[in-house]
Number of protein chains: 2
Amino acid sequence: MLRNWVLPELRLTVTQTAQELEIARQTLHRVLAGKAAVTPEMAARLARLCGMPAHFWLDLQLAHDLWHAQHALADTLERIPVHALPDTLKTDILTRHGRT
Amino acid sequence: MLRNWVLPELRLTVTQTAQELEIARQTLHRVLAGKAAVTPEMAARLARLCGMPAHFWLDLQLAHDLWHAQHALADTLERIPVHALPDTLKTDILTRHGRT
DNA sequence: TCCAGATGTAGCGCATCACGTGACAGAGGG
DNA sequence: CCCTCTGTCACGTGATGCGCTACATCTGGA
């Protein structure tokens, strides 16, 4: 993602990018290697750097974290009662607070 | 949000909800009071409980965290160089990995 | 051939934070 | 009066992002 598309396009090395982002070289490397998550602070830095929306980077991380959480809590989730919420209320809340 | 719409509709108290989610009562309270963030694990539990999508709860938290990050790093972000990324590449990446 | 820079990887310490637990106080209903 | 629910605080723990140091590898230029 970042390494294969953005950095080559900007003609930036990992070391240079880390300097411009004002973070440690290893910190950026951990993100690139998937060893660390994309934090909101990191997303804000990346958004500033290349113009991609911050929530884009965060949504990628979010989907990843959610996937892990659902699998780690699979057996626990099965024990949680499922309550019916009226669709009218559901759609009402989603339209009120949903992303455009 | 949770307290004002979902819980009254389900006729659930905070204590009961915490028991059904298999978490400590104080943990749920911290989330309701905004003292703690909605983690992916918590979002998965809430999604199971009331049927609202997990990414909905996480998007709420995400927007909040991002807002804080951008303000906390305001002066730092100003020092990060802005690089122009071709719109063709931008939209290409967004369509590839963007949420529907 | 030699060397400087970039990169990958590992370990250490620090700060932050979600979470559980125990405890205490106030409000409200039977 | 007692019980439940609730809000709040304090403490400890485990996880994690981050900076830093250090070492090995590789590549391109002098």
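For the numbers below, each heavy atom of this structure counts, side chains included, while hydrogens, waters and symmetry mates do not. Chain naming here is simple, since letters A, B, ... match the order of the sequence lines and numbering starts at 1 in each. Small disclaimer: the values here were computed from a predicted structure and weren't measured.
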Nucleotides 24-30 of chain D: protein proximity per nucleotide (B base, S sugar-phosphate only, - neither; heavy atom, under 4.0 Å): -------

Base-contact (B) and sugar-phosphate-only (S) positions in nucleotides 7-13 of chain D, heavy-atom cut-off under 4.0 Å, - elsewhere: BBBB---

Which pair of heavy atoms, one from B/Ala37 and one from B/Val31, lies closest together, and at what distance? O-CG2, 4.1 Å

If I take atom CG from residue A/Leu60 and atom CG from residue A/Leu2, how far apart are they, to the nearest 0.5 angstrom? 10.0 Å

Closest non-hydrogen atom pair, B/Lys90 against B/Leu85: CE-O, 3.8 Å

Relative to the 5' end of DNA chain C, which residue comes earlier, B/Ala36 or A/Gln16, by the nucleotide with the nearest heavy atom? A/Gln16

For B/Ala43 and B/Leu58, the nearest pair of non-hydrogen atoms, with its separation, is CB-CG, 3.6 Å

About how many Å separate CH2 of B/Trp57 and CE of B/Met52, when rounded to the nearest 0.5 Å? 5.5 Å

Rounded to whole Å, the CG-C1' distance (B/Leu21 to C/dA18) equals 15 Å

Protein-nucleotide distance (A/Arg11, atom CZ; C/dA6, atom C1'), rounded to Å: 18 Å

Assess whether a salt bridge exists between A/Arg79 and A/Asp75, defined as any Lys/Arg side-chain N lying under 4.0 Å from an Asp/Glu carboxylate O. no

Rounded to the nearest 0.5 Å, how far apart are CD of A/Gln26 and OG1 of A/Thr15? 9.0 Å

Nearest atoms (heavy-atom pairs only) where A/Thr91 meets A/Thr88: OG1-O, 3.1 Å

Closest non-hydrogen atom pair between A/Glu22 and A/Arg45, with its separation: O-NH2, 3.9 Å

Please check this pair: side chain of B/Arg48 against backbone of A/Glu78, looking for a donor-acceptor N/O pair closer than 3.5 Å. yes

Which nucleotide, D/dG19, D/dC5, C/dT7, lies nearest any side-chain atom of B/Thr15? D/dC5

Measure the distance from CD on A/Glu22 to C1' on D/dC20 and round it to the nearest whole Å. 17 Å

Rounding to an integer number of Å, can you tell me how far A/Leu73 CG sits from D/dA15 C1'? 15 Å

Whole angstrom is fine here: how far is it from CH2 in B/Trp57 over to C1' in C/dA18? 19 Å

What is the minimum heavy-atom distance between A/Leu77 and B/Ala44, and which atoms define it? CD2-O, 3.7 Å

Which whole-number value in Å describes the distance from B/Asp65 CG to C/dA18 C1'? 13 Å

What parts of residues 38-48 of chain B reach DNA chain C, counting only heavy atoms under 4.0 Å away? B/Thr39, B/Met42

